[in-house]
Number of protein chains: 2
Amino acid sequence: MKQPLHDRIRSDYEARILSGALLPGARLPTELELMRDYACSRMTVNKALSALTAAGLIDRRKRAGTFVARPRVHSMVLDVPDLEQEVAQRGQRYRYDLLRREVRMPDPGTAEETLLAGAGPLLVLDGVHHADDVPLASEQRLISLSAVPETEGVDFAGASPGAWLLKHVPWTQAETRIAAVGADRAVAAGLNLLPGSPCLLIERRTWRGDDGITLVRQHFVGSAYDLIATFGPAKG
Amino acid sequence: MKQPLHDRIRSDYEARILSGALLPGARLPTELELMRDYACSRMTVNKALSALTAAGLIDRRKRAGTFVARPRVHSMVLDVPDLEQEVAQRGQRYRYDLLRREVRMPDPGTAEETLLAGAGPLLVLDGVHHADDVPLASEQRLISLSAVPETEGVDFAGASPGAWLLKHVPWTQAETRIAAVGADRAVAAGLNLLPGSPCLLIERRTWRGDDGITLVRQHFVGSAYDLIATFGPAKG
DNA sequence: TGGATAGTAATGTATAGACATAATTTGAGG
DNA sequence: CCTCAAATTATGTCTATACATTACTATCCA
């Protein structure tokens, strides 16, 4: 129960806002009033309110005061865990089968390849992720060798390239596209499905600064995988 | 360009961590050393490091020091815009057709219904979202009338219930599940597809505090819709 | 009436110091 | 050599104060 005072102030108002007792637009007491309420110095109050500001729960305007923020409607946090960990957490055995490995120059006619690697060489890795020997996802990956030359010497047979990259290559930006598609012939063959079966397509590009690192396209068996995104404090 | 000093310290080290110049486990200078580096007081240094701690970029241990945090949690920001706005932004005409409206008690055998509304009544709304008169998504929605009694008097024929709720009912928590499924008979009929066609399933629950507000299940035509999630500064 | 100007109330940033807390290192005694 | 206690070091919390910044308010003068 040794809760710091600034944390108590913060959680007091966090609770009131999250419970709806303080509705969006409602005004909070000024720092001076809170100093009196909690019998503490202004810096302590300020630390609590700064934390709420950073969390996006309140808006503060000089001279005007402190107000409950409108919830940011359409941004949620999407957790994209590492596949190997994910499978292990479900208590299943993970395996990655490398089907193709190839170094080539980008096709100047394919925008996504030149966008990733400029004029530099590409490492192409195709494979399938398994959970308990059942195919879970098929993966086509491009890695820019000029951005990550050390990948050329790595043996990816067996280890997922995603996990290797995550551990060895820090990145600063990423973009993920999520869609539902029918499996084409190649994907269906890799996943042991009928062509046209619904698959969750996850396409991710990552950058470090301005340099493209990798572009990966994963097709998940629709019936075996889903994603969860959340907003606000954890629920269940 | 009037950047506060604590913010400059924070962004200096944020940049070094994100760029990989400081690898996970690396030790940062102590607060005393940073005071000298930046010629400022300890509180200023502390504010910068507290922000990095809150952002999960560093770990701090008493006596031991400050270290770059271990694994970068792979979480991204998912934008789930309002469908009506989304369609309008593409320059298309939006329409929502209400197919069913019904008030009933939750089925005690269906966990998701009692979880949403407890023992209170449910408003059931089924409909289809159109873009330029082409079906885009089919929607099955449950609303807890005890949490939002005012919905009972609203005429949802024509206006999307999602947009109405967003505007009138503040919520504090939400969870979204994303999956790829084949269209069942009912969904296929509403979307004018063949049964089994790949659809992006988006299932969202929202709460205010501990009270469930709404549970919505949307099936998007796979070929016509996708989601984008990003991490880091905007790219393209 | 209207418009510049001074006042004022709120947040934003920063300082210098104090004591609390936790973990590691060191030292004393067995 | 081992163990327990004390010193050390770095972070954690808090105070009291100061001045900066911003935007709203009121006032004065044309």
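Keep in mind the model is a prediction, meaning the values are calculated, not measured. A, B, ... follow the sequence lines: proteins, then strands. Residue 1 opens every chain.
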Phosphate oxygens OP1/OP2 of C:dT15: is one of them under 4.0 Å from a side-chain N or O of B:T44? yes

Answer with base, sugar-phosphate or nothing: what part of the nucleic acid does A:S50 contact at a heavy-atom distance below 4.0 Å? nothing

Over all strands shown, is A:R27 touching base, sugar-phosphate only, or nothing at heavy-atom distances under 4.0 angstrom? sugar-phosphate

Can you tell me how far [atom2] of [N] sits from [atom1] of [X], to the nearest Å?
{"X": "B:N46", "N": "C:dG17", "atom1": "CG", "atom2": "P", "result": "17 Å"}
{"X": "A:E31", "N": "C:dA9", "atom1": "CD", "atom2": "P", "result": "16 Å"}
{"X": "B:R36", "N": "D:dA10", "atom1": "CZ", "atom2": "P", "result": "10 Å"}
{"X": "B:R42", "N": "D:dA10", "atom1": "CZ", "atom2": "C1'", "result": "8 Å"}
{"X": "B:D59", "N": "C:dA22", "atom1": "CG", "atom2": "P", "result": "17 Å"}
{"X": "A:R60", "N": "C:dA9", "atom1": "CZ", "atom2": "P", "result": "17 Å"}
{"X": "A:D7", "N": "D:dG12", "atom1": "CG", "atom2": "P", "result": "13 Å"}
{"X": "A:L5", "N": "D:dG12", "atom1": "CG", "atom2": "C1'", "result": "13 Å"}

Apply the side-chain contact (heavy atoms from CB on, under 4.5 Å) test between A:I143 and each candidate in A:L122, A:V124, A:L125; give the one that qualifies. A:L125

Side chain to side chain contact (heavy atoms under 4.5 Å, CB included) assessment of A:T214 paired with A:V169: CA-CA 10 Å; A:T214 184; A:V169 185; over 6 Å; no

Which nucleotide wins on minimum distance to the side chain of B:S41, given the candidates D:dA16, C:dA10, C:dA16? C:dA16

Quick check: do A:I9 and A:C40 have side-chain heavy atoms less than 4.5 Å from each other? yes

Is A:R205 close to A:R177 at the side-chain level, that is, under 4.5 Å between some pair of heavy atoms? no

So which one's nearest nucleotide on DNA chain C is more toward 5', B:R61 or B:H6? B:H6

More 5' along DNA chain C: B:A64 or A:T53, using each one's nearest nucleotide? A:T53

Donor-acceptor pair under 3.5 Å: do we get one between B:R63's side chain and the base of D:dT8? yes

5'-most contact on DNA chain D: A:K62 or A:K47, nearest heavy atom basis? A:K47

Name the orientation class of the two ring planes belonging to A:H129 and A:Y96 (parallel below 30°, tilted from 30 to 60°, perpendicular beyond 60°). tilted

